[in-house]
Number of protein chains: 2
Amino acid sequence: MAPAKSKSRSGHVQTPLPVPGDHLTMADLAKVAGVSAITVSRALRDSPLVNAETRARVRQVAEQYGYAFNVSARNLRLRRSMTVAVVVEMKPSLERQMSGPYPLELLGGITQELTSSGYSVLLTSLQGGALPNTQAADGVILLGQGAHEDAMHEVGRWGKPMVVWGAVSRHESQVVVGSDNRGGGALAAERFIALGRSRPAFLGDRAHGEFAERFDGFVASLSKYGIVPQAPVVSAFTVNAGAKAVHALLDQHPQVDALFAVSDLLAIGAIRALIERGRRVPEDVSVIGYDDTPLGATYVPPLSSVHQNFVDAGVLLARKVRALIEGEPAGSETLHTHLVVRAT
Amino acid sequence: MAPAKSKSRSGHVQTPLPVPGDHLTMADLAKVAGVSAITVSRALRDSPLVNAETRARVRQVAEQYGYAFNVSARNLRLRRSMTVAVVVEMKPSLERQMSGPYPLELLGGITQELTSSGYSVLLTSLQGGALPNTQAADGVILLGQGAHEDAMHEVGRWGKPMVVWGAVSRHESQVVVGSDNRGGGALAAERFIALGRSRPAFLGDRAHGEFAERFDGFVASLSKYGIVPQAPVVSAFTVNAGAKAVHALLDQHPQVDALFAVSDLLAIGAIRALIERGRRVPEDVSVIGYDDTPLGATYVPPLSSVHQNFVDAGVLLARKVRALIEGEPAGSETLHTHLVVRAT
DNA sequence: TTGAAAGCGCTAACAG
DNA sequence: CTGTTAGCGCTTTCAA
């Protein structure tokens, strides 16, 4: 009395043939298609080890029966998860505001590239410790505003392929993708020079790796013309912080004629302060922001800003983890940056 | 000659005991701790079916040997993925701008709630069709700006627990979480009434479900005072669209004295247009935006806006899919909304 | 080109 | 409280 396999919802012991809508396995499909399970597996993966005809038949059956591939089984067998964990700081705080579409575009690029190559994207934040699921990822991408040194070390300890978004120069031993911050700073400097400005200032917290690089590029380019910029203390990322810093700056250096801010938000705060102090923008003071946010673009006056393509950045991050996971080499890389000149 | 198991990196056939740093299984831990694999499994899951002492020993060994739990194996065995797919529109387009921290906060809330209850968050976009990985999720959360009817039906067809972020009233048969859009509209209306305004207008595309609700709430509250608002055509989400709409509105109805916009961006565009047309804000025209973005809060003048807590919304979405997955009931729900009164 | 056997690491079900 | 047995669904050998 060999008990017939009867998972089918139809439930007839005499009908081992599955029914569309059932929960199917490759073995079930195999039965229907008159082949073995391994052949189904091959057909579904486009293996060259299967006849084109057979493959077509199998796929057709799979389609018809609404077969759903079991990822867990494959992963268990392959000892891989085909998953990349993305660690993001999702709690916008006062000092560290996740403004604009920036992180979302980055996520978009990552997701697009990774999913189209068969990986899936696991979203995680830092709080709460590493989940088993996160630890099972084949690789990790670290986002956030660059201050995640601790996270970097923690994740680094897992010994997994890891790629970081941030300031490239800071972490020699890691694979880092970042925009060309020095180049961005240089762009702003050159623009100011072209406009004949000679008393520029830099607005941004240089404790932040990426901003330090922008500052360096800014300073280096200006120094070719014998100019040394002011660099007032800026405590935060917000419009108010920008305004406050500029008020303080004007108290000390009323002749400032150009401002380069590390974010559009800061730049907007700067413009506000300038206007409150009777300066005209751009007649008296030129202002350049960073990130080219829609916010800046549609501000009055429309803000000139350094543009970075975050979607591309996301794609690049994804490619690099993938390379690392697959044992190929990958190095740090810097993304091209350009200046969008608008009214300011 | 029974071949000794020798996965250990140490490689000695005589040393079946694993070594810290190896790739370990529960069976390996079991050997070290002098128990069986199932006991290890129970200990690690805090099952009551295991002695406290045994549990402690097992956990200690696991810790010491750097044991990594294999999620795939558990998922295969349990026939679950412990994963929730989040479908997001990550490509900010011109008409549908993902402005502000909105989607990221939502994601933050979702991630926080889901990961802390053992689920992981799988990020997916719509393009490229449903990946096997996505289809394997135990549940789905649909984000995006509400126009994802097609996605909703597609995902609905998978027959998985699904929760949607958007306009609650639109989809009776689905579990929808959304902010109290009608309430938000009413809040704006009441504020205008309190300010003695009598010729208000609504700014936003009513083809969008959530905006239609805001409009309804706005109209309903105003009607109690016998007031019918203007509702010019607004084509997009941007500052420019807001400005354009208001210019057109002023051409037709120069006496407008209050504007309620469905987004802060739109509201800012509106203020710009008002000023260009010589109107003072708020002396001549009151303006209220939506979403209470940092952008609006720090604008000059600081924008009054309807606030919604997106982190809470994310948490709620997460709780509801989880409930659905676990077979508990869950209904649609509306989130409290309040008006932040600033200068406008 | 196809198939049979084996096993990835875990846990539910049933003994003991 | 602990253990034995079995099997989740897939794919890498190896053989035909």
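Convention: sequence-line order gives letters A, B, ...; per-chain numbering from 1. Computed from a predicted structure; not experimentally measured.
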Are any protein N/O atoms closer than 3.5 Å to N/O atoms in nucleotides 13-16 of chain C? If there are, list each pair with its distance.
none

Under 4.0 Å from OP1 or OP2 of [N]: is there any side-chain N or O of [X] that close?
| X | N | value |
| --- | --- | --- |
| A:R79 | C:dG9 | yes |
| A:S72 | D:dG9 | no |
| B:T39 | D:dG3 | yes |
| B:H23 | C:dG9 | yes |
| B:S36 | D:dT2 | no |
| A:S41 | D:dC10 | no |

### Message
Given D:dT2, D:dC10, C:dC10, identify the nucleotide with an atom nearest to the side chain of A:M26.
### Response
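Comparing D:dT2, D:dC10, C:dC10 against the side chain of A:M26, the answer is D:dC10.
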### Task
Would you mind telling me which of C:dT11, D:dT2, C:dG9 lies closest to the side-chain atoms of B:A73?
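The answer is C:dG9, which lies nearest to the side chain.
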Compile the donor-acceptor pairs under 3.5 Å between side chains in residues 313-323 of chain B and protein atoms, sequence neighbours left out, one pair per line.
from, atom 1, to, atom 2, distance (Å)
B:R319, NE, B:E113, OE2, 3.2
B:K320, NZ, B:G331, O, 2.9
B:K320, NZ, B:E333, OE1, 2.9
B:R322, NH1, B:E113, OE2, 3.0
B:R322, NH1, B:S117, OG, 3.0

### Task
Identify which one of B:L324, B:I325, B:V140 satisfies the side-chain contact (heavy atoms from CB on, under 4.5 Å) criterion when paired with B:K160.
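When side-chain contact (heavy atoms from CB on, under 4.5 Å) is applied between B:K160 and each of B:L324, B:I325, B:V140, only B:V140 qualifies.
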### Rounded interatomic separation in angstrom, taking CG from A:N75 and C1' from D:dT11
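After rounding, the gap between these two atoms is 12 Å.
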### Whole-Å distance separating the CE atom of B:M82 from the P atom of D:dC8
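B:M82 atom CE is separated from D:dC8 atom P by 21 Å.
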### Query
To the nearest 10 degrees, how far apart in direction are the end axes of the helix from C:dT1-D:dA16 to C:dG16-D:dC1, each fit to five base pairs?
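So the angle between the two local helix axes works out to 30°.
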### Task
Answer whether the closest heavy-atom distance between the side chains of B:V71 and B:M82 falls below 4.5 Å.
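Answer no - side chains too far apart.
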### DNA chain D: 5'-proximal contact among B:P48 and B:R77 (nearest heavy atom)
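Per heavy-atom nearest nucleotide, the more 5' residue is B:P48.
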### Message
Reading DNA chain C from 5' onward, which residue's closest nucleotide shows up sooner: B:R45 or B:L76?
### Response
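Comparing both residues, the 5'-ward one is B:L76.
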